[in-house]
There are 2 protein chains.
Amino acid sequence: MTSRPADSPGHEPPIRARLIEAAARLLAEQGPGALTTRRLAAEVGTSTMVVYTHFGGKQQLLTAVAREGFTRLAAHLAEVAPTDDPVIDLGNLALAYRANALANPHLYAVMFSALTGGREPSANAEIPEARRSFDAIVAATRRAIESGRFRPADPTLVATQLWSALHGFVMLELAGRFVPSMHADPEHVFTTLLVTMALGLAEDPTSITRPSGPEGSG
Amino acid sequence: MTSRPADSPGHEPPIRARLIEAAARLLAEQGPGALTTRRLAAEVGTSTMVVYTHFGGKQQLLTAVAREGFTRLAAHLAEVAPTDDPVIDLGNLALAYRANALANPHLYAVMFSALTGGREPSANAEIPEARRSFDAIVAATRRAIESGRFRPADPTLVATQLWSALHGFVMLELAGRFVPSMHADPEHVFTTLLVTMALGLAEDPTSITRPSGPEGSG
DNA sequence: CATCCTGCCATAACAGCGCTATGCATGCTT
DNA sequence: AAGCATGCATAGCGCTGTTATGGCAGGATG
């Protein structure tokens with residue numbers, strides 16, 4: 001069973017994919033504390049050695065899981081159907097981004113946890129799959145700029161700003177920092193944050209549609 | 001040496017404070033991997049039992065360290081001298097926030113890591129010290145709104161938006177996700193993000209000063 | 001003053017963790 | 001058919017967080 005794609009029948013995925021899938025499932029269902037090499041080996045019916053022969057260690061396995069997470073995120077973002085309004089498209093991308101994070105919070109945490117281990121300066125910074133997700137935001141931003149809805153600017157720079165705001169909100173929400181006694185409900189914060197960003201980037205602020213509420217940012 | 005505040009001379013801080021300080025130092029100097037109960041006990045010259053008699057476990061100790069981190073953050077934010085321009089004050093608060101995070105990245109990560117452990121729904125959401133830092137942003141936001149520089153809105157809601165953007169940028173920067181080949185330099189992203197937020201919240205966009213560059217968001 | 005009692009800490013141990021060395025079995029190559 | 005390379009199971013190492021146990025000090029009580 002070296003490099004053959006099948007074990008018993010003919011439709012069994014390779015061990016690497018099964019490990020990543022089982023790791024993502026353990027992460028999603030029981031949290032990061034349950035993602036151990038022993039439990040993972042038991043899940044796929046092998047020993048802990050497979051983690052080291054196929055990935056080199058637990059950290060590299062987590063990197064592979066993060067790549068899988070970015071692939072799923074890019075797939076979800078790709079499902080957002082473009083409209084004729086690029087600003088609406090950006091809003092829909094933001095909604096899909098948040099929905100994907102809420103659906104798999106632990107996976108999202110792994111995707112963006114870099115300095116948790118310790119020493120490496122930019123260990124998991126080179127995740128090529130992350131670029132596909134980011135490119136979706138850049139493309140929508142470029143359309144918003146080129147159509148004249150957003151002021152002239154570098155689309156990548158604007159997309160990075162949007163990504164920062166998006167990521168910050170999602171992280172705070174996942175961390176449970178939006179306590180009802182202290183903050184507004186997350187849904188409202190998210191909507192108004194998107195409106196604020198759109199207003200700050202718009203060429204003509206009056207073109208930004210205020211969703212439902214009588215006030216834009218309050 | 002039960003509850004007496006001194007051991008040998010008369011100016012020794014209590015064990016709890018020494019543990020928190022040593023934990024914060026280990027975290028800052030050698031990363032989270034070095035923060036073990038044994039190393040911590042060796043650092044303060046006792047055994048691992050003190051962690052359990054005084055905190056109940058490592059998780060509660062980390063919560064205490066996070067509280068200390070928020071206290072330091074609030075102290076740094078309190079050092080920001082108010083000017084006659086509340087928008088400038090918000091920018092200075094943002095600069096101080098980022099500087100504090102960059103000066104102690106691992107401590108910042110502990111302050112905002114909630115779902116790292118596993119199961120508790122809102123475990124460390126009740127950190128009263130965090131409110132003091134947040135209140136500084138709320139107060140400056142309220143001044144910006146009441147002075148007419150920002151549009152009328154709920155100051156807490158606006159401050160939560162600013163906090164999200166701030167936190168998101170800082171997290172991405174600390175995680176090393178701003179790779180030079182893919183994004184602009186972090187300094188520039190941060191500045192333009194602040195301008196974008198200010199423009200989106202301003203009553204009169206022309207009142208927002210663009211720092212140095214010929215373009216506001218690009 | 002003697003005694004008890006309460007709280008704190010050092011020691012030792014336990015289960016579990018990531019990881020590695022070793023040996024065996026398998027499939028490909030020659 | 002013999003040799004070789006590869007991948008996995010086993011067993012073990014050092015380390016982790018945590019707990020049970022025992023001793024020792026200081027304050028309360030007679």
Side-chain angles (χ1 to χ4, degrees), chain A residues 1-8 10 12-20 22-23 26-27 30-66 106 110 113 115-120 123-124, chain B residues 1-8 10 12-20 22-23 26-27 30-66 106 110 113 115-120 123-124:
Chain A
M1 63 169 80
T2 52
S3 63
R4 288 284 310 287
D7 274 288
S8 42
E12 187 95 47
I15 329 272
R16 294 246 252 270
R18 287 203 291 152
L19 280 170
I20 294 175
L26 275 176
L27 200 60
Q30 307 187 54
L35 184 43
T36 71
T37 59
R38 284 170 172 81
R39 246 177 284 220
L40 189 60
E43 200 79 8
V44 301
T46 62
S47 75
T48 65
M49 265 301 294
V50 295
V51 175
Y52 301 91
T53 57
H54 285 286
F55 295 95
K58 192 190 180 185
Q59 185 53 52
Q60 288 91 324
L61 191 158
L62 283 177
T63 302
V65 172
H106 294 296
V110 166
S113 72
L115 67 172
T116 59
R119 291 299 83 217
E120 58 286 56
N124 69 347
Chain B
M1 64 169 79
T2 53
S3 64
R4 289 281 312 284
D7 275 290
S8 41
E12 189 94 47
I15 328 274
R16 294 247 253 268
R18 286 203 293 152
L19 280 170
I20 294 175
L26 276 176
L27 200 59
Q30 308 187 54
L35 184 43
T36 70
T37 58
R38 284 170 173 79
R39 248 178 283 223
L40 189 59
E43 200 79 8
V44 301
T46 62
S47 76
T48 64
M49 264 301 294
V50 295
V51 175
Y52 300 91
T53 56
H54 285 287
F55 295 94
K58 193 190 180 186
Q59 186 52 53
Q60 290 90 325
L61 191 159
L62 283 176
T63 302
V65 172
H106 294 296
V110 167
S113 74
L115 66 171
T116 60
R119 294 296 83 220
E120 56 288 54
N124 69 346

Verify the contact: side-chain N or O of A:T37 to OP1 or OP2 of C:dG18, cut-off strictly under 4.0 Å; return yes or no.
yes
Nearest whole Å is fine: how far is C:dG18 P from A:H54 NE2?
18 Å
Nearest nucleotide by nearest heavy atom, which residue falls closer to the 5' end of DNA chain D, B:Y52 or B:M49?
B:Y52
Would you indicate what A:L35 reaches in the nucleic acid, counting non-hydrogen atoms under 4.0 angstrom: base, sugar-phosphate, or nothing?
sugar-phosphate
In the structure I gave you, are the side-chain heavy atoms of A:V110 and A:L35 within less than 4.5 Å of one another anywhere?
no
With nearest nucleotides of DNA chain C determined for A:T36 and B:S47 from heavy-atom distances, which residue corresponds to the more 5′ nucleotide?
B:S47
Side chains of B:R18 and B:I15: does their closest heavy-atom pair fall under 4.5 Å?
yes
Is there a donor on the side chain of B:R38 or the base of D:dG17 sitting less than 3.5 Å from an acceptor on the other?
yes
Categorize B:L40 for me: base, sugar-phosphate, or nothing, with a 4.0 angstrom heavy-atom threshold over every strand shown.
nothing
Below 4.5 Å, heavy atoms only, C-beta onward: do B:F55 and B:V65 meet side chain to side chain?
no
Once you round it to whole Å, what is the distance between C1' of D:dT19 and CD of B:Q59?
18 Å
Gap between atoms NZ and C1', on A:K58 and D:dT16 respectively (whole Å)
12 Å
Identified side-chain contact (heavy atoms from CB on, under 4.5 Å) partner of A:L61 from the options A:V51, A:I20, A:T37
A:V51
Choosing from C:dC9, D:dA9, C:dG18, which nucleotide comes nearest the side chain of B:V50?
C:dC9
